[in-house]
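One structure is given here, and the rest of the page talks about it.
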Amino acid sequence: MIRPALSAAVALAALTVAPALPAGAAHDPAPAPNSYMAQRAALQQNRSADAVTARPLLRVPFRCGENWSGASRSGHSPSYYSVDFNWGSGRDDLGKPVKTSAAGTVVRSAYDAGGYGNYIEIAHGDGWNTLYAHLQNRAFGVGARVAVDAQIGRVGETGNVSGPHLHYEQIHNGTVVPALFGTSTWVAYPGPATYARVRDC
């Protein structure tokens with residue numbers, strides 16, 4: 001990834017709408033048969049389109065007192081709404097702790113050589129999941145219950161990457177959606193913008 005320069009911190013004032021999808025970002029390529037993304041697409045098709053549930057309270061996936069730059073870009077796989085997080089520059093990110101955004105159950109903990117590398121996906125209920133990829137290591141296996149402040153791994157550079165960073169997704173019913181931290185901090189699309197965890201440290 002190309003590392004953006006850090007921008008001013010995102011304000012915690014409430015925004016009324018989620019970021020708009022940019023032109024040309026609506027059509028992702030079809031996933032390979034039997035791939036993780038094909039499984040996700042099948043899950044999405046099997047969910048009722050009108051089943052709307054409240055979004056859980058999700059936190060920035062790092063320790064308190066740290067500022068991380070979150071970047072998005074057109075063509076980001078699997079979705080424009082995926083976020084790449086960096087703490088510093090060069091290899092500064094490598095080995096930094098990654099924490100859960102909320103309590104939940106690990107539903108995937110695996111190595112994906114074609115993209116995610118080491119990744120963990122956590123279910124938070126009502127179709128809401130978070131995914132953490134390119135990890136240096138995975139601290140939990142499938143079925144583990146994790147607390148809101150659990151360290152699930154460390155930032156790595158596994159999978160299809162050009163340098164250390166954390167690839168992060170908020171997922172609803174199998175679809176990556178615009179990320180929201182707390183009750184008011186929407187991720188800036190396109191980024192970069194700076195984010196900090198202020199609770200559940």
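Only a predicted model underlies this, so the values are computations on that prediction, with no experimental measurement involved.
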Heavy-atom closest contact (C64 atom, V198 atom, distance): SG-C, 4.0 Å
I would like to know whether Q170 and H172 meet side-chain hydrogen bond (donor to acceptor under 3.5 Å, both in side chains); could you show each step before the answer? CA-CA 7 Å; Q170 292 183 3; H172 187 229; over 6 Å; no
For the student: nearest non-hydrogen atoms of T183 and L180, plus distance: C-CD1, 4.2 Å
Name all pairs fulfilling the side chain to side chain donor-acceptor pair (under 3.5 Å) condition that reach into residues 135-148, sequence neighbours left out, sorted by first residue then second. T105-R145, S109-R138, N118-R138
Check: L57 and R199 side chains under 4.5 Å, non-hydrogen atoms: no
Side-chain heavy-atom pair L131, I171 within 4.5 angstrom cut-off: yes
List the atom of H134, the atom of G117, and the distance in Å for their closest heavy-atom pair. ND1-N, 4.4 Å
Side chain to side chain contact (heavy atoms under 4.5 Å, CB included) assessment of F62 paired with Y195: CA-CA 10 Å; F62 302 105; Y195 305 87; over 6 Å; no
Is the shortest side-chain heavy-atom distance between V106 and I152 below 4.5 Å? no
Could you please spell out the steps behind the side-chain hydrogen bond (donor to acceptor under 3.5 Å, both in side chains) verdict for Y116 and E121? CA-CA 11 Å; Y116 285 138; E121 184 172 346; over 6 Å; no
Looking at H124 and N129, would you say the former's side chain and the latter's main chain have a donor-acceptor pair under 3.5 Å? no
Does any N or O in the side chain of S101 come within less than 3.5 Å of the main-chain N or O of R59, such that one atom is a donor and the other an acceptor? yes
Do side-chain atoms of Y132 reach the backbone of L166 as a donor and acceptor pair under 3.5 angstrom? no
Any idea how Y80 and Y189 line up, ring-wise: parallel (<30°), tilted (30 to 60°), or perpendicular (>60°)? tilted
For residues 149-165, which residue pairs pass the salt bridge (Lys or Arg N to Asp or Glu O under 4.0 Å) check, not counting sequence neighbours? R91-E157
Testing the basics here: between V83 and G70, what is the closest heavy-atom pair and its distance to 0.1 Å? CG1-CA, 3.8 Å
Taking E66 for the side chain and W87 for the main chain, is one N or O donor matched with an acceptor at less than 3.5 Å? no
Would a hydrophobic clustering, with Ile, Leu, Val, Met, Phe, Trp and Tyr connected at side-chain separations under 4.5 Å, put V148 with W68? no
Nearest non-hydrogen partners of P164 and D93, listed with the distance: O-OD2, 3.4 Å
Looking at side-chain heavy atoms only, is the closest gap between T130 and T100 below 4.5 Å? no
Test side chain to side chain contact (heavy atoms under 4.5 Å, CB included) on T175 and Y81 and set out the steps. CA-CA 10 Å; T175 299; Y81 295 130; over 6 Å; no
Does W128 use its side chain to pair, donor to acceptor, with the backbone of A54 at less than 3.5 Å? yes
Close side-chain approach of P78 and H167, heavy atoms under 4.5 Å: yes
With the side chain counted from C-beta on, respond yes when K96 and R63 share a heavy-atom pair under 4.5 Å apart, and no when they do not. yes
Please find the pair of heavy atoms, one from S72 and one from A188, that lie closest to each other, and give the distance. OG-O, 3.7 Å
Can you check whether F181 and Y168 have ring centres sitting under 6.0 Å from each other? yes
Examine distances only and state if a side-chain atom of D126 and a backbone atom of R55 form a donor-acceptor pair shorter than 3.5 Å. no
